[in-house]
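Below is one structure, written out as structure tokens, with a few remarks after it.
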Number of protein chains: 2
Amino acid sequence: MAVIDPESAVPVYKQVARALRERIDRGELQPGRVLPSEQHLQQEFGAARDTIRRAIRHLTELGLVHTVPGRGTFVRAGTTTVTGEPGMRVFARPATDAERARFDLSEGCAYMLVAEKAGGEAEAWPADAAEVRISE
Amino acid sequence: MAVIDPESAVPVYKQVARALRERIDRGELQPGRVLPSEQHLQQEFGAARDTIRRAIRHLTELGLVHTVPGRGTFVRAGTTTVTGEPGMRVFARPATDAERARFDLSEGCAYMLVAEKAGGEAEAWPADAAEVRISE
DNA sequence: GCCCATTTGTCCGTATGTATA
DNA sequence: TTATACATACGGACAAATGGG
């Protein structure tokens with residue numbers, strides 16, 4: 001069972017994210033399955049919704065889950081190939097300190113590959129572990 | 001002057017992000033310059049801090065700014081644009097020594113953004129200064 | 001088509017801690 | 001030390017999307 005320590009130097013949202021990640025790694029939450037709702041996670045971890053959502057955002061940035069409004073947050077298969085769409089903008093930038101911590105990019109250079117859709121939404125992956133293919 | 005419409009279907013944080021992005025694009029906020037503080041932006045746009053921070057997070061994910069705790073949020077260097085073609089593969093990798101010399105990438109971390117065409121030819125640009133746009 | 005419960009999205013307010021100058 | 005600015009965390013409220021009846 002997940003143990004959350006509000007007094008820890010590790011932020012609560014990271015502890016929650018870690019607990020959820022362990023469930024994914026252990027196979028308790030398999031690809032395609034939906035995570036418990038935010039409300040459920042609030043009660044389970046005893047944290048505010050803001051904190052739960054931050055934990056989920058963390059997992060989303062890791063590429064482990066993705067969220068569908070009105071339905072829930074689903075476990076993703078660990079894919080690193082992204083399909084380029086018309087109007088998309090692809091670029092690289094240095095990882096933020098937060099991303100370095102989240103992706104364990106402590107050593108040396110750390111860059112992120114980012115794909116921004118025409119609408120303005122963007123996704124980012126560690127540059128060493130992702131590529132964009134433009135469909136023919 | 002930026003106009004924020006809380007009644008709009010477009011979320012306030014996106015309106016704020018767009019307003020800030022326009023200032024960067026117009027050169028009012030040049031690379032290296034610091035953005036107004038979150039508190040200042042709260043007053044200027046009449047939005048809550050949470051909303052301002054979300055707008056800044058959005059810009060960070062787009063590679064336009066980066067934040068230094070205790071100091072502020074800074075505008076990153078602009079980029080040049082490359083046209084993406086069907087069949088192209090776009091990724092990032094560390095710069096070679098030759099590229100470091102050629103592009104004067106002497107200091108620290110240096111990544112290249114690479115576009116490989118379907119035929120196998122590839123071009124590379126310093127990651128900080130290039131982006132690929134997929135034509136519509 | 002409509003209504004409704006569920007779930008996520010957005011937005012506000014407040015408080016406290018940490019980093020920097 | 002003090003002031004400023006960002007980071008985290010709590011609380012509440014309403015809107016929007018989805019799917020089932």
Side-chain angles (χ1 to χ4, degrees), chain A residues 2-20 29 32-61 64-76 95-102 117 119-123, chain B residues 2-20 29 32-61 64-76:
Chain A
V3 177
I4 301 302
D5 175 17
E7 308 302 319
S8 167
V10 179
V12 175
Y13 78 88
K14 286 190 180 178
Q15 297 181 51
V16 172
R18 182 186 184 86
L20 291 174
L29 292 169
R33 293 292 300 279
V34 66
L35 262 62
S37 73
E38 294 174 355
Q39 191 177 33
H40 182 283
L41 294 174
Q42 278 185 64
Q43 297 169 2
E44 175 177 346
F45 290 107
R49 192 179 169 214
D50 176 71
T51 304
I52 298 297
R53 285 175 61 78
R54 197 174 300 197
I56 290 175
R57 193 171 84 222
H58 184 342
L59 296 176
T60 301
E61 289 164 347
L64 294 173
V65 303
H66 77 283
T67 294
V68 181
R71 292 195 58 202
T73 298
F74 298 83
V75 180
R76 247 173 56 155
T96 65
D97 287 339
E99 284 166 343
R100 280 178 173 269
R102 288 165 183 168
K117 295 182 182 180
E121 293 156 278
E123 276 189 291
Chain B
V3 178
I4 301 301
D5 175 18
E7 308 301 319
S8 167
V10 179
V12 175
Y13 79 89
K14 285 191 180 179
Q15 296 182 52
V16 172
R18 182 186 185 85
L20 291 173
L29 290 169
R33 293 292 301 277
V34 67
L35 262 61
S37 73
E38 294 176 353
Q39 191 175 32
H40 183 283
L41 294 174
Q42 277 185 65
Q43 296 169 0
E44 174 177 348
F45 290 107
R49 186 165 174 232
D50 176 71
T51 304
I52 298 297
R53 284 173 62 76
R54 198 176 299 197
I56 290 175
R57 192 171 82 222
H58 191 55
L59 295 177
T60 301
E61 288 163 351
L64 294 173
V65 303
H66 76 283
T67 295
V68 180
R71 291 195 57 203
T73 298
F74 298 84
V75 180
R76 277 171 44 79

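No experiment lies behind these values; they were computed from the predicted model shown.
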What is the distance, to the nearest angstrom, from the [atom1] atom on [X] to the [atom2] atom on [N]?
X	N	atom1	atom2	result
B:Leu41	D:dT4	CG	C1'	15 Å
B:Arg57	D:dA7	CZ	C1'	13 Å
B:Ile56	D:dA5	CD1	P	12 Å
A:His58	D:dT8	NE2	C1'	14 Å

To check you understand the geometry: which heavy-atom pair defines the closest contact between [X] and [Y], and what is its length?
X	Y	value
B:His58	B:Ala17	CD2-CB, 3.8 Å
B:Thr73	B:Thr67	OG1-OG1, 2.9 Å
B:Val16	B:Ala55	CG1-CB, 3.7 Å
A:Leu29	A:Leu20	CD1-O, 4.4 Å

Which value, rounded to the nearest 0.5 Å, describes the distance between A:Arg57 atom CZ and A:Asp50 atom CG?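 Spacing of CZ (A:Arg57) from CG (A:Asp50) equals 8.0 Å.
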Are any side-chain N or O atoms of A:Glu38 and backbone N or O atoms of A:Ile52, one a donor and one an acceptor, separated by less than 3.5 Å?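 Not a single qualifying donor-acceptor pair exists.
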Say whether, by atom type as modelled, one donor and one acceptor occur between the side chain of A:Thr51 and the main chain of A:Ala47 under 3.5 angstrom.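 No, A:Thr51 side chain to A:Ala47 backbone: no donor-acceptor pair under 3.5 Å.
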What's the angle between the local helix axes at either end of the helix from C:dC2-D:dG21 to C:dA21-D:dT2, using five pairs per end and rounding to 10 degrees?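 Computed angle between terminal axes is 20°.
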Apply side chain to side chain contact (heavy atoms under 4.5 Å, CB included) to B:Val34 and list each qualifying residue two or more places apart in sequence or on a separate chain.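 With sequence neighbours excluded, B:Val34 shows a side chain to side chain contact (heavy atoms under 4.5 Å, CB included) to B:Phe74, given in chain and number order.
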When every nucleotide of nucleotides 9-19 of chain C is labelled 5' to 3' by its protein contacts under 4.0 Å (heavy atoms), B for base, S for sugar-phosphate only, - for none, what sequence of letters results? BBBSS-----B
